[in-house]
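Notes follow once the structure below has been shown.
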Amino acid sequence: MPLIEIETEILGEMRIQTKSGELNLQPRKDFVVHTERGAGQYSLNNSDLVFCGFGIVSEKDNWNDYAGMDMEGKTAVVLVNDPGFGGEDSTFFKGNTMTFGGRWDNKYDFIDELGADGLLIIHQTSMAGYPWFVIQSSWTGPKQGLADMNRENDTAIKGWITIDAAQELFKMSGQDFTAMINAARTPGFKPIPLEAKVSVQIEAESNICESQNVIGILPGQQNPEEYLLYTAHWDHIGVGEPIDGDSIYNGALDNASGTSTVLAIAEMFATAEQKPDRSVAFLLVTAEEQGLLGSEYYAEKPTIPNDQIVANLNMDGVNPAGEMKDLSITGMGYSTMDDIAAEEAKKQGRYTIPEQEPEKGYFYRSDQFNFAKKGIPVLYAGGTYDHKEKGKAYAKEFTDTYIAKRYHAPADNFDPEDWNFGGMLQDGQLYFNVGWHLANSDVWPEWKPDSEFGRPVLKK
Ligand SMILES: [Zn+2]
């Protein structure tokens, strides 16, 4: 699988001319920008800054944050997430649940259509779902993309600024930040020019590299042309910016845990006395941390036609805290995979709940998303909420500590003190049971009417 690897160097600070003087932002500390175009020098030269709400264009929601604004020669400043964030109304951008348009990658795609110079997304920890250092580690150093995309007309400079820098920018431009956020959440929002001009320079180098998706297939006995597809991403971040003197990003939980659990499930299928009726494929994908690239590539150029895949069961970060009473389903309500998982969870004495932090958009942050986009019903679930022995407060504390200290940091390593394999066994067994159930059935799981997804051609 060919990848283009682009390394962007930020040449000096970002200078913003406002009516109250110049604001100088420091690379990494205050902002991070990069290019997806390829090798070359790119710059913003006194580019007009325009506040464009959440940077969302969605026909379905009758929403266009760029309405009436010619973005040519301008740089958009947008909020992370979507207008429903923090709201109670579940019919307005699904309330607190992050929608498709709230994801940064879609904001990146929308701006490409508009001929703008640049895009800056304002990072705020609760709205993004992760702290600023995740932006620093994910968006500096070599960044990969699929090699065969035509990117020369894309917006040249994209990136992030901290909430503190944004607040300063709005203040110096004579704008009230809270009023701007409220405006951005109001239907009929129109872009607001900031009367500020931004300059920054970058230089990028690129090279083409190769990585591999790895697949193993166990042929079915009765219906070998129908497949269950297990996935887990095998990559992590690699070597990056040192934190506390450690530059190796181990990725023990994210995602050696998922990779090894899928391998264990493969072994269970392969050594079962009776072979399943349907075929079962085990796919370990690459470059997930670079933007779900391995699964995107696979879904675009599948070795098994997408309409022969009954369901995708994805694992990314398997619960290391010990056995749980719950099974939390990310994207619950989307498909009948929920019902099958709930039935198997019940047999383990567990109850099923929706993900507890829907504002973080986890459904869009792992590989099942690329299969859902192709219309394949998915399962992305695990115990997270209610620890069997130590309760809910312990489970929450465990997760919060992981996100704050270990997620996408060198500290994501195996910890014999803290890790308890009971939860991985429990979730691994559940994933096997769901797959076993489907592999010996002729049912095709279906999307539910309110999901954003659907099979292109309905089977049965
Ligand atoms: Zn992951």
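Every number for a ligand or one of its atoms is a count from 1 in the order of the listing. We're numbering straight along the sequence, starting at 1.
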### Message
When you measure from the Zn ion (ligand 1) to the N, O or S atoms of Asp316, does any of those distances fall below 2.8 Å?
### Response
yes
#### Entry: His236 backbone or side-chain N/O/S under 2.8 Å from the Zn ion (ligand 1)
no
### Message
Quick one, Tyr380 with Tyr334, criterion ring pair (Phe, Tyr, Trp, His ring centres under 6.0 Å). Give me CA distance, side-chain angles, the key distance, then yes/no.
### Response
CA-CA 11 Å; Tyr380 183 40; Tyr334 287 176; over 10 Å; no
#### Entry: the Zn ion (ligand 1) - name of the N/O/S atom of His233 that sits closest to it
NE2
### Query
side-chain contact (heavy atoms from CB on, under 4.5 Å) between Arg365 and Tyr130: does it pass, once the steps are laid out?
CA-CA 12 Å; Arg365 285 166 57 180; Tyr130 39 78; 3.5 Å; yes
### Query
What pair of heavy atoms forms the shortest contact from Asn255 to Met315, and how long is it?
ND2-O, 3.1 Å
### Heteroatom of Asp254 nearest to the Zn ion (ligand 1) (N, O or S, atom name)
OD1
### Query
Given Thr384 and Asp326, is the side-chain contact (heavy atoms from CB on, under 4.5 Å) satisfied, shown in steps?
CA-CA 7 Å; Thr384 59; Asp326 69 295; 3.8 Å; yes
